[in-house]
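Inspection log for the structure reproduced underneath, given as structure tokens.
Residue numbers start from 1 in every chain, and the chains themselves are labelled A, B, ... in the order their sequence lines are given, proteins ahead of strands.
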Amino acid sequence: MSFWEYANPQKFMQLSRRVLPFVAVAAGLCLVIGLVWGFFFTPDDYKQGSTVKIFYLHVPAAMMAINAWVMMLVTSLVWLIRRHHVSALAAKAAAPVGLIFTVIALITGALWGQPMWGTWWEWDPRLTSFLILALFYLGYIALWQAIDDPDTAADLTSVLCIVGSVFALLSRYAVNFWNQGLHQGASLSLDKEENVADVFWYPALLCIAGFVLLFVTLVLLRTRTEIRARRLGALLARERRG
Amino acid sequence: MMPDLGKYAGAVLGSYAATIGLIVLLVAVSLWRSAKTKAALAEVEARQGKDNG
Amino acid sequence: MIALLLRDMRLAVRAGGGFGLGLAFFLLVAVLVPLGVGPESATLAKIAPGILWVGALLACLLSLDRIFALDFEDGSLDLLATAPIPLEGAVAVKALAHWAVTGLPLTLAAPVLGILLNLPQAGYGWLVISLALGTPALSVIGAFGAALTVGLKRGGLLLSLLVLPLYVPTLIFGAEVVKRGAEGMATATPLALLAGITAGAAAMLPFAAAAAIRINLR
Amino acid sequence: MIALLLRDMRLAVRAGGGFGLGLAFFLLVAVLVPLGVGPESATLAKIAPGILWVGALLACLLSLDRIFALDFEDGSLDLLATAPIPLEGAVAVKALAHWAVTGLPLTLAAPVLGILLNLPQAGYGWLVISLALGTPALSVIGAFGAALTVGLKRGGLLLSLLVLPLYVPTLIFGAEVVKRGAEGMATATPLALLAGITAGAAAMLPFAAAAAIRINLR
Amino acid sequence: MDLTVTDLAVARGGVTVLEGVHFTLSPGRALVLRGPNGIGKTTLLRTVAGLQPPVAGQISAGAEAIAYAAHADGLKATLTVRENLAFWAAVYGVQDVQAAIARMNLSDLADRQAANLSAGQKRRLGLARLLVTGRPVWVLDEPTVSLDIASVALFADVVRGHLAAGGAALIATHIDLGLAEADVLELGPFRARAKTEDPRGFDAAFGGDFA
Amino acid sequence: MDLTVTDLAVARGGVTVLEGVHFTLSPGRALVLRGPNGIGKTTLLRTVAGLQPPVAGQISAGAEAIAYAAHADGLKATLTVRENLAFWAAVYGVQDVQAAIARMNLSDLADRQAANLSAGQKRRLGLARLLVTGRPVWVLDEPTVSLDIASVALFADVVRGHLAAGGAALIATHIDLGLAEADVLELGPFRARAKTEDPRGFDAAFGGDFA
Ligand code: HEM
Ligand SMILES: Nc1ncnc2c1ncn2[C@@H]1O[C@H](COP(=O)(O)OP(=O)(O)OP(=O)(O)O)[C@@H](O)[C@H]1O
Ligand SMILES: Nc1ncnc2c1ncn2[C@@H]1O[C@H](COP(=O)(O)OP(=O)(O)OP(=O)(O)O)[C@@H](O)[C@H]1O
Ligand SMILES: [Mg+2]
Ligand SMILES: [Mg+2]
């Protein structure tokens, strides 16, 4: 059986129904253990004090915000090339999740910025490009919502996702050019991996795993919903025709 | 039990509250939509099953 | 194709003056910002390059939905899609017509507005050069956004939302050229990048836009 | 009349999200200006009140042509003009619906954008108050402009040109309130003038707008 | 109430297109306007509906007795059939749209967005609006455009019902509706005669001999 | 060149509306599509014109043999009659618009802006476009809407001329055009059957049994 078989909605529904509970439980476990460990059982950083605890939320959210877009790019390409409906619907399902992760990265970053840099918001390249990423997510979701016909919407959002990716990369570069920025600067002792003390690193790894699993869980669940909604629409339309 | 967060308590607690809040919201919305669609689909399938034999 | 170019330009000029109005909007932004921000010339001089570029961008944006929406509504787009000219070509020509009635007059008028905003002397040349190089990218990217939203009833604001993030690199490099030029610094790098964006967008996006239109029509 | 209000709001929300999109444009202006102007927070703090007000004004402006043009194109306006509700009332209700889907969400979202532009702490309250008082005037004045241009094929930019000068007093007083508020100065005078403009516009302009529509229809 | 039109002249784009139009429409009767394309039917109907002022002449009925249906249907693509109709019903202070939907054979489509209707279905929805106005005089501009034969018959039936209930209808059309109650007014081409004496009228002001 | 349509299925809004459509159109012949409102005529014509992909089946003629005229005319209100037509003539590489203007009886209106035409005059202009395409197969969606009787006869004559010159025409209409060369295809309602076997097709993907 080829891998593409799972792109058939029925196969996908069967498989995802079996997998979903395990992923969900694993996500919950990783997140709870990682966050509790990080919040209650790690020491303060000598330089950043207790704000280092924000690390456990900020970094995984920021990583997944980008990875979600990459996943949408891949599934969009799959849809355009091989026309597997599940692929398009997975991209649709992932977008709000990615947006929420982006917003989490922005909020935690802003809250972190207040004690560290003395300002909520700074037009730092990394922060700026995240803001732009949030705009891409918003536009993508708005386009999905604005179009009635599901296949048309899938096609157009896929085109947008691909073109948008190119421009998102360009923006990242442009923004770097425009302002050198504070983020990643010397103010962070955690910046390089070898500098990260193990006490901070292990819970962080758990949290990253938790965010990844949470993302998978949510995308599976939401893709299942989208497939059902799609079928529902088709059945209703057929019913109307008699 | 509660660790001493010092003068950064607001930022740290705010981050955790915002993050957990947003994630819970997202999960809740996803579950709610899932349940709603599932029920609607089941209803239509039952109805059409009856009509079409 | 030339017929299409001429028709689009003629329509823009007839429809209450496409020309004049893009310009007028640009002018109004240049007037409103000092009114909102206040009259100190030092502040204005500092923000002038950025505001002028943002103004040009918004002026472009406002007229984007004309590119395809009118043709869609009255059925011309269906007929164009079945006509013997390739849709990619039609898209490129329409973007060109849009540039000719917005980007080009904006570029020519920009120095006058520079005066309103106290742009430093050294910046004028760079302002014109950067707009001349950058506004075609705005039209082409805009045509892509317009193609995506063409089926949607008055997708005007959705169009803005989709297009503005795509405008970010053009804006940054364009404003940077003027800013550096005004301060007497080297402008070669942002200028080259700006030209690169325009060339790349003009080469690739008409295909994406034509695909989007075909999808929207079916 | 309530039916008309509900219909207009529903249409705005359905048509790709009238709500979200007015907001989105406001957000985009707040993002683009720093990208164009540069990242120094002192400069940004200084221009923040003006830019926020200009942004709100442009966000309003962009959606103005929805007020009547769509109804004109599909023939609803003819039918509304022959319906048993007075056209003046219909105009006022349509302006109100426009405010509810643009001005109101803008007002609520403005503080967040204040952060992006480094608005000084003291300014946030005044920003919200001035927008709450001023944006209704923007909608009513805009409805008048939209009524003037309703017969013209896509008079979008002409509309901007007509309306923007009318927006000038609102903009000046609104931005002034925020600027003074941010610097801790007294705001009573500009605030009173702002309220006066809104009250006057809401009382008079619906009549002018209804007259303009009647002329445009015949 | 009668609709009486006396010596009416109507103009479009500043040019008088019809002159000396005369008719009376009594309750229970229909008047069918016929005439080649461009003769001025639409202009006449818009004038009667009160959307534009006449150049000369009188129209007895007030605009508030008239329900006008134009070439365009005034539908909102993003609203459903029911929502579209409910809006007009609310404007005219009528509660029940169900009857109108059923009457125009739209029940199956009631929850469909107007954008997803075919041309004829849209037209039926446009005509259903007449039923919720509750107004006595219907002024209809080519109501049967895009309708199939069955729908034309349905529509003729609806008009017949309206007439039987004491209404009246003024209908511009190119096809035969098969209405027994209908008189026909053939509009002939108008030859410009500077008849108007009003010194502020166009012809008197600009149309006479010039120095 | 023949236009042969084999076992065609067409969909609108993701729902198949017609299935198993079969016909051949030879040069010199016309085919009239009939069927009630909403049966799927417009959808079928758009598919034949190449604007949307068929769900199943083949269409033998390439889109480049076809001139399509839709419900909407694609006129620009601010251009004159002549300018409107000259644009399409240029697109299709034809020089002469005068003949088409004269043929559709628009000579008097040639320099009038399209915005100032009556409904029927607009339609005539829309149809005049067909004459400047130079394409053999005309695909027409309710071409006679808004036309008066004389104009319908004129249009039927134009179609007859096109057929006599070796062209063909596929026409959806509710009225009788009086074309001797025409066959009639009655479209009947389609009942949903999950027939498509393409594993990536919609039915196979979403229509089967669900977990
Ligand atoms: C709104 C504000 C912010 C945004 C959008 C943001 C975004 C990001 C992004 C995109 C990453 C990269 C994640 C990855 O490596 O894949 C990141 C990592 C990080 N951020 Fe932020 N950030 C923000 C504010 C801050 C602040 C204020 C601090 C602390 C002073 C901070 C500290 C860090 C650290 C320590 C990392 C991990 C660095 C690494 O892995 O190399 N961030 N943030
Ligand atoms: N601005 C103008 N200047 C001169 N004539 C005009 C102008 N606008 C419209 N006309 C003419 O006025 C006449 C009346 O148009 P009207 O729409 O009333 O005709 P109609 O009888 O409804 O025709 P149809 O059956 O085609 O709908 C037309 O001949 C039209 O060409
Ligand atoms: N999104 C959709 N979902 C389901 N059905 C739809 C959708 N959009 C359109 N339809 C239906 O598709 C059918 C075909 O429409 P089409 O426009 O092809 O009809 P038509 O034969 O041209 O009718 P008319 O004679 O009225 O023009 C109609 O019944 C219409 O209601
Ligand atoms: Mg007419
Ligand atoms: Mg049709």
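Tested against C:T82 for a side chain to side chain contact (heavy atoms under 4.5 Å, CB included), the candidates F:T133, F:L51, F:V139 yield a single pass: F:L51.
Within the 4.5 Å cutoff, the side chain of C:L79 has heavy atoms near those of the F:R129 side chain. A heavy-atom distance below 4.5 Å is found between the side chains of F:K76 and C:S76.
Among the candidates F:E64, F:H71, F:E83, F:Q52, the residue making the largest number of heavy-atom pairs closer than 4.5 Å to chain C is F:E83. When each of C:A81, C:A90, C:G75 is checked for heavy-atom pairs under 4.5 Å with chain F, C:G75 comes out on top.
In this structure, chain F has heavy atoms under 4.5 Å from both the backbone and the side chain of C:L80.
In this structure a side-chain-to-backbone donor-acceptor pair under 3.5 Å is present from F:R46 to C:L217.
Among residues 96-105 of chain F, no residue has any heavy atom closer than 4.5 Å to a heavy atom of chain C.
Looking at every heavy atom in both residues, C:A83 comes nearest to F:R135 through C-NH2, 3.8 Å.
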